[in-house]
Amino acid sequence: MSQKEINKYQNTLNLPDSPFPMRAGLAKQEPERLKKWNEEKLYSQIREARKGAEKFILHDGPPYANGKIHNGTAMNKILKDFVVKFKTMSGFDAPYIPGWDCHGMPIEHAMFKELGKSKHEVDQVEFRKGARKYAAKFVDIQRNQFKRLGVLGEWNNPYLTMNPNYEADTVRVFGELYGKGYIYKGMKPIHWCTSCETALAEAEVEYDNHTSPSVFVKFPVLKEQNFPFENCKNPSVVIWTTTPWTLPANRAVCLKADLDYCAVELDGETIILATELIGNLFSKLEKNIPEITETVKGIELEGLMLKHPIDDNLTVPVILGEHVTTEAGTGCVHTAPGHGQEDYQVGLKYKLEVASPVNEKGHFTDDVPEYSGNFVFKGNKLIIENLREKGILIFTENISHSYPHCWRCHKPVIFRATEQWFINVDAHDMRETAINAVDKKVNWLPAASKQRILSMLQLRPDWCLSRQRLWGVPIPVFYCKKCGAELLNKNTINKLAELVEKETSDVWFAKSAEELLPEGTTCSKCNCTEFRKETDILDVWFDSGVSNRAVLERREQLHVPADLYLEGSDQHRGWFQVSLLIATGLRGEPPYKNVVTNGWTLAASGEKESKSKGNFIDPESVCNKMGADILRLWFGSVNYMQDVQISQELLKQVADSYRRIRNTFKFLLGNIHDYNPETDAVDYDDLLALDKYMLHSLEILRGKVTEAYNEFKFYRVFHLIHDFCTVELSARYCDILKDRLYVEAASGLKRRSAQTVLRKICVDITKLIAPILSFTAEEVWQYICETAVSEKDGTNAETVHLALLPTEQKNHINEELEADYSLLWSVRDEVLKVLEVKRRDGIIGSGLEAAVVLNTQDEKLSALLKKYKDALPSLFIVSQTTLDENADNEKWSQGQELKSLKIIVKKAEGVKCARCWNYSENVGADDKYSDLCSRCTGIIGNE
RNA sequence: GGGCCUAUAGCUCAGUUGGUUAGAGCGCGCGCUUGAUAAGCGCGAGGUCGAUAGUUCAAGUCUAUCUAGGCCCA
């Protein structure tokens with residue numbers, strides 16, 4: 001037979017027909033779709049359509065406006081978009097206002113690099129203008145990148161922390177918290193370059209080798225105290241330091257609670273140090289290690305008072321700290337809160353004085369008269385001499401070690417305490433209120449998040465707000481030029497905030513104090529009328545922490561608390577916490593009801609992505625090569641609450657899954673092209689059993705998918721829908737349905753029954769996947785609407801993103817069908833296995849060449865097979881099925897799982913029908929159609 | 001060094017209060033189909049559940065330690 005003859009009945013079949021392309025061409029299609037959405041003002045349309053509906057507010061945490069987006073930022077934005085789109089399609093009014101963090105160091109650095117200048121060589125007002133432009137440029141770049149990902153939001157009116165209104169609110173919040181007594185000025189050590197006379201940020205410090213004097217010093221124990229060691233002679237605690245110049249500022253000696261300390265004899269006196277480190281000291285002294293008779297834990301020495309090594313009028317306590325190690329020294333740490341980070345931290349706990357008798361040039365001040373005017377590194381020598389004279393120096397040598405240096409002048413830097421602004425996290429029970437809210441009023445996902453932020457809140461010190469930088473919101477405090485009194489009140493804040501709203505916070509630096517202050521302002525202490533401005537700016541975390549005021553409270557369409565914050569896990573210390581503290585200070589309530597965190601994107605090795613290792617995936621190039629939907633599907637397929645891995649191979653795999661979903665849509669669309677739900681729908685009661693079962697199955701899917709979305713578990717959504725497409729649809733329903741769809745009369749009940757269900761499946765799955773595959777779902781939606789639009793299934797919505805998700809349909813739940821088909825699928829699996837055996841043996845090729853004989857002694861199974869007797873050939877996609885109750889002489893195959901089932905597969909009886917390809921003994925029964933079976937004759941004859 | 005998290009087939013995920021031979025899909029191998037065709041169907045091979053020790057009649061599931069990796073601190 002020629003090819004033509006084989007296909008001579010092809011045009012009597014109802015083959016699938018759809019212009020929906022098999023190949024997506026996403027990289028090309030998506031930008032066109034975006035253009036259309038933009039022209040149609042899709043986001044505004046959604047706002048309009050949901051007006052008056054219940055709100056769902058996801059408040060965007062602002063990414064930093066520097067550089068292009070990476071996978072972390074892309075993932076976070078995409079996850080937020082999943083939520084917003086799901087909530088929107090669930091009927092909520094879910095506005096999404098994206099934000100950007102615009103002030104701060106990284107932009108300053110980039111600017112200095114561009115300008116080739118340093119902090120002291122630029123004019124601040126000019127510099128800030130440049131920084132503002134720089135930030136705006138990257139806001140633009142990132143905005144376009146986010147839009148390209150398919151993220152919908154109010155892109156033409158985002159919130160920027162450098163917007164004049166936002167900056168004015170930042171100033172106002174500072175004023176409000178100051179007025180409520182949360183803000184104070186205190187001392188804190190920071191890196192300080194004595195040559196440049198400036199504070200240095202951590203990023204401005206370089207580590208290099210430096211030679212320092214290493215000294216072991218005795219701190220004599222004061223007499224008449226509870227002392228755990230017996231038989232001591234002039235006992236003293238021994239400390240080790242490489243910065244003798246900080247000894248004048250010593251305010252304690254820090255031990256570790258669970259470390260062993262002992263008292264040993266040295267030159268007729270008793271010294272106390274960590275047992276583990278005795279060898280360290282005695283080897284330097286070139287002495288034998290003495291016998292140890294007594295050992296106590298550090299905790300037993302807590303509170304012991306010691307004599308100060310420099311100032312004879314001072315006594316200092318023994319305290320306990322976790323930072324004490326046995327890597328070097330004596331296990332007894334000289335603690336000068338004004339000259340070290342850890343010293344400062346532990347000092348806060350013990351309320352130690354933050355002494356820092358060193359001026360900006362690094363010279364001792366008059367607070368230490370004996371060294372006054374001397375540079376600290378020169379002071380080292382004088383102090384060592386002094387210690388020797390006092391007889392408390394045990395040992396000294398020079399050592400070379402890694403030491404911080406200024407990045408600009410490359411000179412060694414020091415830690416120096418300076419005046420800084422703080423939020424007192426314990427004022428008005430801020431900490432307790434926040435902790436209580438975290439525990440009782442906020443849902444955390446994953447659950448461990450709660451413990452993580454709680455332990456941070458419990459331990460965190462006061463929040464240092466001030467930075468000695470150029471690009472940020474000024475700390476809006478004035479000082480009386482005469483008496484130095486602070487000036488900040490409602491009037492000064494109001495006037496300043498108004499000016500900032502008009503001219504941005506640059507106004508602080510451009511105008512004089514007199515111009516910024518209300519007319520006639522006088523110092524309340526001394527009546528002076530001249531003031532100077534604070535020069536420090538605010539920590540950028542204060543900026544973003546203010547967003548619950550500057551955005552949530554200010555924008556009419558939003559509200560506080562937000563329903564959801566969704567950020568990376570690093571934000572426990574960052575935005576989650578600063579927002580909480582500020583909101584607690586402002587309102588006594590947390591700014592969010594739910595907090596979800598995402599992990600980090602890593603390379604496939606499980607390690608960090610890095611450009612140098614070449615395992616870096618750029619989201620932009622993924623969009624350009626594979627399409628944003630592939631990236632979206634990837635982030636929708638992994639458990640983002642943990643760290644996730646991304647690579648080209650992994651993306652390739654998700655692209656395979658995408659193709660399966662896409663082809664399923666193509667099949668569905670192709671088979672409903674001639675179906676109109678308004679006129680062709682079959683009533684539920686008249687549907688075929690299999691079709692009813694599929695509605696049941698779809699309803700189960702809908703329930704699970706909705707639940708997964710509500711729990712923010714998008715990877716479950718993906719698996720549910722993908723598996724439904726693969727197993728329920730492609731492998732079973734669609735395959736089985738082909739005979740009915742292609743062969744049966746186009747508008748007959750059997751075909752319309754199938755189409756009624758296929759249409760619903762197509763529409764519902766398109767909606768369910770739309771929050772994730774936003775572009776593809778929209779593409780499918782348009783093709784659905786081309787075949788038919790119906791209010792009944794919501795396809796009258798112009799775009800899928802305006803449609804509502806399918807609602808619960810309890811009447812589709814059918815437990816009887818569920819039970820029947822669950823068993824029927826098992827029977828089918830057994831039959832397919834035997835078919836495969838016959839195929840290997842060359843007995844059959846296509847399944848339609850086979851006839852299946854079934855036998856079972858199991859009553860339940862037997863009843864089921866009889867009940868579905870007529871449907872069995874179509875379920876197995878074979879030509880004939882017979883139930884044989886006593887065919888003992890045949891060679892039965894036993895079911896592997898269904899042991900009670902026996903199966904025989906043999907060559908089908910009769911001849912292959914040229915139209916439907918089923919084998920039948922009645923082919924040619926009608927003289928008019930010698931090559932057709934009676935079913936096909938009947939169908940063709942009626943047309 | 002500290003706080004928190006993660007670890008089930010090559011990959012992405014399931015594995016109820018500890019209870020038969022650890023599941024699914026993808027990918028892979030082999031075959032079928034050529035009326036979803038740069039598609040579709042079937043069968044099959046893949047796992048000492050990160051390691052070790054323990055609790056228990058019974059551990060992927062509970063406990064401890066370790067290893068690898070991550071976030072935040074120091």
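With sequence neighbours excluded, the residues that form a ring pair (Phe, Tyr, Trp, His ring centres under 6.0 Å) with A:Y709 are A:F86.
Taking the C1' atom of each, B:A22 and B:C49 are spaced 8 Å apart, rounded to whole Å. Taking atom P in both B:G15 and B:A7, one finds a spacing of 12 Å when rounded to whole Å. The same atom, C1', is picked in B:A9 and in B:G25; the two are 12 Å apart, to the nearest Å. For the P atom pair drawn from B:U16 and B:U8, the interatomic distance equals 16 Å after rounding to whole Å. One P atom belongs to B:U37, the other to B:G44, and the distance between them is 28 Å to the nearest Å. Of the P atoms belonging to B:G29 and B:C73, the separation is 47 Å, rounded to the nearest Å. Using atom C1' as the reference point in both B:G23 and B:U55, the two lie 28 Å apart (nearest Å). When the C1' atom is compared between B:U61 and B:G50, the two are found 16 Å apart, to the nearest whole Å.
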Output a table of nitrogen or oxygen pairs between the protein and nucleotides 19-23 of chain B separated by less than 3.5 Å.
none

Protein-nucleic acid N or O pairs under 3.5 Å, nucleotides 29-33 of chain B:
residue, atom, partner, partner atom, Å
B:C30, O2, A:R840, NH2, 3.4
B:C32, O2', A:G845, O, 3.1

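The residues A:R935 and A:D739 are annotated as salt-bridged, a charged nitrogen and a carboxylate oxygen being separated by less than 4.0 angstrom. Using a 4.0 Å cut-off between charged nitrogen and carboxylate oxygen, A:D570 and A:R573 do not count as a salt-bridge pair. Using a 4.0 Å cut-off between charged side-chain N and carboxylate O, A:R839 and A:E836 make a salt bridge. Salt-bridge check for A:D629 with A:R662: failed, with every basic side-chain N at 4.0 Å or more from each acidic carboxylate O. With respect to the salt-bridge test (charged N to carboxylate O, under 4.0 angstrom), the residues A:D931 and A:R915 do not qualify.
Contact annotation for A:H722: backbone-only contact, meaning every heavy-atom pair under 4.0 Å involves sugar-phosphate atoms and none involves a base. At the heavy-atom level, A:R23 lies under 4.0 Å from base atoms of the strands shown. A:N639 comes within contact range of the sugar-phosphate backbone alone, with a heavy-atom separation under 4.0 Å but no base atom that close. Across all strands, A:M456 comes closer than 4.0 Å only to sugar-phosphate atoms, never to a base (heavy-atom distances). Within the 4.0 angstrom heavy-atom criterion, only backbone atoms of the sugar-phosphate kind lie near A:L832; the bases stay farther away. Note on A:Q451: nothing from the nucleic acid sits closer than 4.0 angstrom, heavy atoms only.
At whole-Å resolution of the value, CG in A:D656 and P in B:U12 are 14 Å apart. Here B:C5 presents its C1' atom at 14 Å from CG of A:N598, a figure rounded to the nearest Å. If you measure from atom CG of A:L454 to atom P of B:C5, you get 13 Å, rounded to the nearest angstrom. Atoms CD (A:Q653) and C1' (B:C28) sit 11 Å apart, rounded to a whole Å. Distance, A:K833 NZ to B:A45 C1': 14 Å, rounded to whole Å. For A:I661 and B:C26, the CD1 to P distance is 12 Å, given to the nearest whole Å. What separates CG of A:L848 from P of B:G35 is a distance of 12 Å, to the nearest Å. The CZ atom of A:R659 sits 12 Å away from the C1' atom of B:G27 (whole-angstrom rounding).
Taking CZ of A:F665 as the start and CZ of A:R660 as the end, the distance is 13.5 Å to the nearest 0.5 Å. To the nearest 0.5 Å, atom CG of residue A:L445 and atom NZ of residue A:K450 are 12.5 Å apart. Rounded to the nearest 0.5 angstrom, A:N918 CG and A:S879 OG are separated by 4.5 Å.
Scanning both residues, A:Y344 and A:P337, for their nearest heavy atoms gives CB-O, 3.5 Å.
Of the two residues contacting RNA chain B, namely A:R716 and A:F667, the nearest-nucleotide position lying further toward the 5' end is that of A:R716. Mapping A:L13 and A:A448 onto RNA chain B by nearest heavy atom places A:A448 at the nucleotide closer to the 5' end.
By the 30° and 60° cut-offs, the orientation of the rings of A:W825 relative to A:Y821 is tilted.
Residues A:L15 and A:N671 form no side-chain contact, since every pair of their non-hydrogen atoms from C-beta on lies 4.5 Å or further apart. A:Y733 places none of its side-chain heavy atoms less than 4.5 Å from the side chain of A:E728. Side-chain contact between A:M694 and A:L729: present, with at least one pair of heavy atoms (C-beta onward) separated by less than 4.5 Å.
Using Watson-Crick or G-U wobble geometry with both donor-acceptor distances under 3.5 Å, B:C66 finds its partner in B:G50. Base-pair partner of B:G23: B:C13 (Watson-Crick or G-U wobble, both distances under 3.5 Å). Base pairing of B:A59 is not made with any nucleotide, judged by Watson-Crick or G-U wobble geometry with both donor-acceptor distances under 3.5 Å. Pair assignment for B:G1: B:C73, on the basis of Watson-Crick or G-U wobble contacts that are both within less than 3.5 Å. Base pairing analysis places B:C43 opposite B:G29; the two distances defining the Watson-Crick or G-U wobble pair are each below 3.5 Å. B:U34: no Watson-Crick or G-U partner with both key distances under 3.5 Å is found in any strand.
Applying the 4.0 Å criterion to OP1 and OP2 of B:C41, one finds that A:R660 has a side-chain N or O inside that range. At the phosphate of B:C26, neither OP1 nor OP2 sits under 4.0 Å from any side-chain N or O atom of A:Y658. Here A:Y9 does not reach the OP1 or OP2 of B:G35: none of its side-chain N or O atoms lies under 4.0 Å away.
Among B:G44, B:A36, B:A24, the nucleotide with an atom closest to any side-chain atom of A:H719 is B:A24.
B:G23 adopts an anti glycosidic conformation, its chi angle falling more than 90° from 0.
Taking the six-membered ring for Trp and the full ring otherwise, the centers of A:W575 and A:Y565 sit less than 6.0 Å from each other. In this structure, A:F712 has its ring center at least 6.0 angstrom away from the ring center of A:Y640.
Judged by distance alone, with hydrogens and angles left aside, A:K666 brings no side-chain donor or acceptor close enough to the base of B:A39 to form a pair under 3.5 Å.
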Would you please test A:R732 and A:D735 for salt bridge (charged side-chain N to carboxylate O under 4.0 Å, His left out) and show each step? CA-CA 5 Å; A:R732 291 185 192 150; A:D735 211 24; over 6 Å; no
What does nucleotides 60-71 of chain B look like as a protein-contact string, B for base, S for sugar-phosphate only, - for none, at under 4.0 angstrom between heavy atoms? ---------SSB
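Less than 4.0 Å separates RNA chain B from at least one heavy atom of each of the following residues of residues 723-735 of chain A: A:D723, A:T726, A:V727, A:S730, A:A731, A:C734, A:D735.
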For residues 646-654 of chain A, please give each side-chain donor-acceptor pair under 3.5 Å, one per line with the distance, not counting sequence neighbours.
residue, atom, partner, partner atom, Å
A:S647, OG, A:E649, N, 3.4
A:S647, OG, A:L650, N, 3.2

